[in-house]
Amino acid sequence: MKKTENQMLVIFGASGDLTARKLIPAILNLAQGGHLPNNFVVLGASRSEWTDEQFRKSVITESRHLGDELKNNHKKLISDFCNRLFYHELGSDQDADYGPLKKRIDELNKTYKTDNNYIFYLSVPPSAHELISKNLHEQNLDDESDGWKRLIVEKPFGYSLETAKNLNNILQQYFKESQIFRIDHYLGKETVQNLLVTRFANSIFEPLWNRNYIHHVEITNAESGGVEKRGGYYDKSGALRDMFQSHLLQIVALVIMEPPLSADAEEIRNEKLKALKSLRLMTDPETLHKSTIRAQYVSSVIDGKKVKGYREEEDVDLNSMTETYAAIKFYVDNWRWADVPFYVRTAKRMPTKVTEVVIHFKTPHHQIFKDSGMNSKDNKLIIRIQPDEGVLIKFGVKVPGQGFKVERANLDFYYSSLVENHVMEAYERLLLDAMQGDATLYARADEVEAAWAFVDPILEYWKNSDAKMYGYSAGVWGPKNADDLIEGLGMWRNPSENLADDPGFCVIC
Ligand code: BG6
């Protein structure tokens, strides 16, 4: 097992939603699992006028994000943890001098013996990244001569290729690339990592994992929720920037990458980069027109309740042209994937929350059971990322009786059957990795830029052409023409909440 050295976690944006909702619960779970080092403190920093006590109340004792079970069953753990939680007010001045912050870090480091090892977690809008990294650098807080220093950066990582490059340049001016950890919480999901294991730890899948046997690949990321309280952010972002450029292209990279030489962080990231660079850029309007669909949800009634349309959501422009649904068809220009279409879609306000990868295999090249109805029942491998996490193989079996009637059967594996294992939450896993200096599941600068290079022309086309913005009623599987992209192949697989339930049935939750 890797060692977790003594250290201090400094969270910028400590009074924000992410700290209470994700970061502190993740650290508490790590404490509960015995993963934290002996000497460990958290220092929250932000502009809110809080004391240590107020911070502790807000993120722990009065937090609505921590289950009562945790609070009641682990009183000693919680009170010990609270004593290791501190807060530093940064002041309202944008250019605030980090001298006082440095002083506080030094004091805590001395008292709690954190060995000068610091993680700085930037849970702040991108506009603040430059200032914080510059200020830290000016206080020598990037200097690793007496202990390591790491910087974790939250998404959105840029708004376009140009802004992502600028941000990389800025961060790399003050920290070395090896110190920068760009977080993409999908990479922390156990099932996303399982994509690598499914492919590279089994000899039954990899020989088939290419254009000779795979007909097309479909990836669906659906959310039943709308934009909730994040209308202000989302309206400037949209589905393509918010989900596709980051989480979904990371999944695509894991599906299409070549086998790395080893499980070493740089080997895996090198292969992911090559994979992202092999996505065929779509630049001409005709291809973009045929290969992309954007849409927005409009108001409807779900389970007897009226649901707002996107343009009626808080902080969303009444005439907004921001997509809440994006579906993209594309190709991968390399030896393995030539001519295999990829279909990827993401959306808010769908019938259910689900993320899955579906590998559709080709029908056998010589069919002896042509009249059996097998043609329409191709083999599928479904990797369910969430919920009901697992893997499902659909294959043909003979229906008992005379003749050769073929039916499709399911072979399934569910993560929930591994009851003895605690499956770490994404943030828990990623934080632990960063604490141990393992960057395998963090995106490198060049990967992020390659993903933007693919997305930029689509955004440009949507912005500057007469590309239609379709509407779909909240609670349905996208606009009426959603299947147009899948020409000749029928329709998207509209998954249900449960892995093995066949399309056609879905739960509206
Ligand atoms: C975030 C997006 O990165 O991921 C959100 O900004 C989205 O808009 C969320 O809802 C989805 O994450 P998950 O883990 O719930 O699928």
Side-chain angles (χ1 to χ4, degrees), residues 13 16-23 25-26 29 65 121-126 152-159 164 181-195 219-252 254 294-297 307 310 313-316 320 322-326 344-357 383-390 415 423-431 441-443 447-448 451-452 455 459 474 495 497 499 509:
D17 176 59
L18 188 80
T19 305
R21 196 164 44 86
K22 293 284 182 194
L23 303 184
N29 278 343
H65 301 290
Y121 196 117
L122 308 195
S123 174
V124 292
I152 303 185
V153 188
E154 261 296 331
K155 79 175 254 283
F157 203 84
Y159 184 78
F181 289 64
R182 294 171 193 77
I183 202 161
D184 184 309
H185 80 276
Y186 266 58
L187 290 177
K189 292 183 192 271
E190 198 60 42
T191 37
V192 171
Q193 294 154 38
N194 192 42
L195 271 166
I219 301 179
T220 290
N221 167 268
E223 290 185 75
S224 46
V227 291
E228 277 131 33
K229 298 261 170 256
R230 298 165 72 228
Y233 150 77
Y234 195 88
D235 208 32
K236 292 191 193 69
S237 172
L240 207 66
R241 286 191 178 93
D242 184 49
M243 291 298 300
F244 183 88
Q245 183 278 334
S246 48
H247 310 321
L248 294 181
L249 283 185
Q250 285 291 334
I251 294 178
V252 168
L254 296 176
R294 63 172 172 168
Q296 244 177 28
Y297 60 85
V307 174
Y310 176 65
E313 300 275 17
E314 200 180 314
D315 297 328
V316 169
S320 172
T322 300
E323 77 287 353
T324 60
Y325 174 103
V344 179
R345 65 178 166 167
T346 176
K348 301 240 182 239
R349 282 274 182 246
M350 300 255 101
T352 192
K353 180 169 170 75
V354 63
T355 304
E356 65 174 31
V357 176
I383 299 172
R384 179 61 81 102
I385 288 166
Q386 61 189 21
D388 207 19
E389 292 82 355
Y415 264 80
V423 178
M424 280 194 182
E425 283 287 321
Y427 273 94
E428 202 180 328
R429 169 68 204 267
L430 292 172
L431 271 171
L441 301 176
Y442 283 85
E447 280 179 59
V448 172
W452 276 118
V455 164
L459 289 167
E497 215 184 359
L499 173 58
C509 57

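Note that ligands are numbered from 1 as they come in the structure, with each ligand's atoms numbered from 1 the same way.
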Going by the order shown, which atoms of ligand 1 are within less than 4.0 Å of some heavy atom of K155?
-> 1 (C), 2 (C), 3 (O), 6 (O)
How close does the nearest protein non-hydrogen atom get to atom 6 (O) of ligand 1, and which residue and atom is it?
-> D242 OD1, 2.6 Å
Near K348 (heavy-atom distance under 4.0 Å), the atoms of ligand 1 are 5 (C), 7 (C), 8 (O), 10 (O)
Polar side chain donor-acceptor pair, N221 to H247, under 3.5 angstrom = no
Out of H247, E223, R241, whose heavy atom is nearest to atom 3 (O) of ligand 1?
-> H247
Test side-chain hydrogen bond (donor to acceptor under 3.5 Å, both in side chains) applied to D315 and Y234, step by step = CA-CA 9 Å; D315 297 328; Y234 195 88; over 6 Å; no
Residues N29 and Y427: side-chain donor-acceptor under 3.5 angstrom = no
Donor on one side chain, acceptor on other, E313 and Y297, under 3.5 Å = yes
For F181 and V153, what are the C-alpha separation, side-chain angles and deciding distance, and is it a side chain to side chain contact (heavy atoms under 4.5 Å, CB included)?
-> CA-CA 6 Å; F181 289 64; V153 188; over 6 Å; no
Tell me, which protein residue and heavy-atom name are nearest atom 4 (O) of ligand 1, and how many Å apart are they?
-> H185 CE1, 3.4 Å
Which bit of Y186 is near ligand 1, meaning a heavy atom under 4.0 Å away: side chain, backbone, both or neither?
-> side chain
Atom 14 (O) of ligand 1 [closest protein heavy-atom partner, distance rounded to 0.1 Å] = K189 NZ, 2.6 Å
Please could you name the atoms of ligand 1 that M243 approaches to less than 4.0 Å, counting only its heavy atoms?
-> 2 (C), 4 (O), 7 (C)
Nearest-option assignment for atom 13 (P) of ligand 1, heavy atoms, candidates E154, E425, K353, K22 | K353
Assess the side chains of Y415 and D388: does a donor N or O sit below 3.5 Å from an acceptor N or O?
-> no
Test item: side-chain donor near acceptor, Y186 and Q386, under 3.5 Å | yes
Would you say N221 has any N or O atom under 3.5 Å from an N or O of ligand 1, going by distance alone?
-> no
R182 side-chain N/O to Y442 backbone N/O, donor-acceptor pair under 3.5 Å | no
Using distance alone, decide if ligand 1 has a nitrogen or oxygen within less than 3.5 Å of any nitrogen or oxygen in Q386.
-> yes
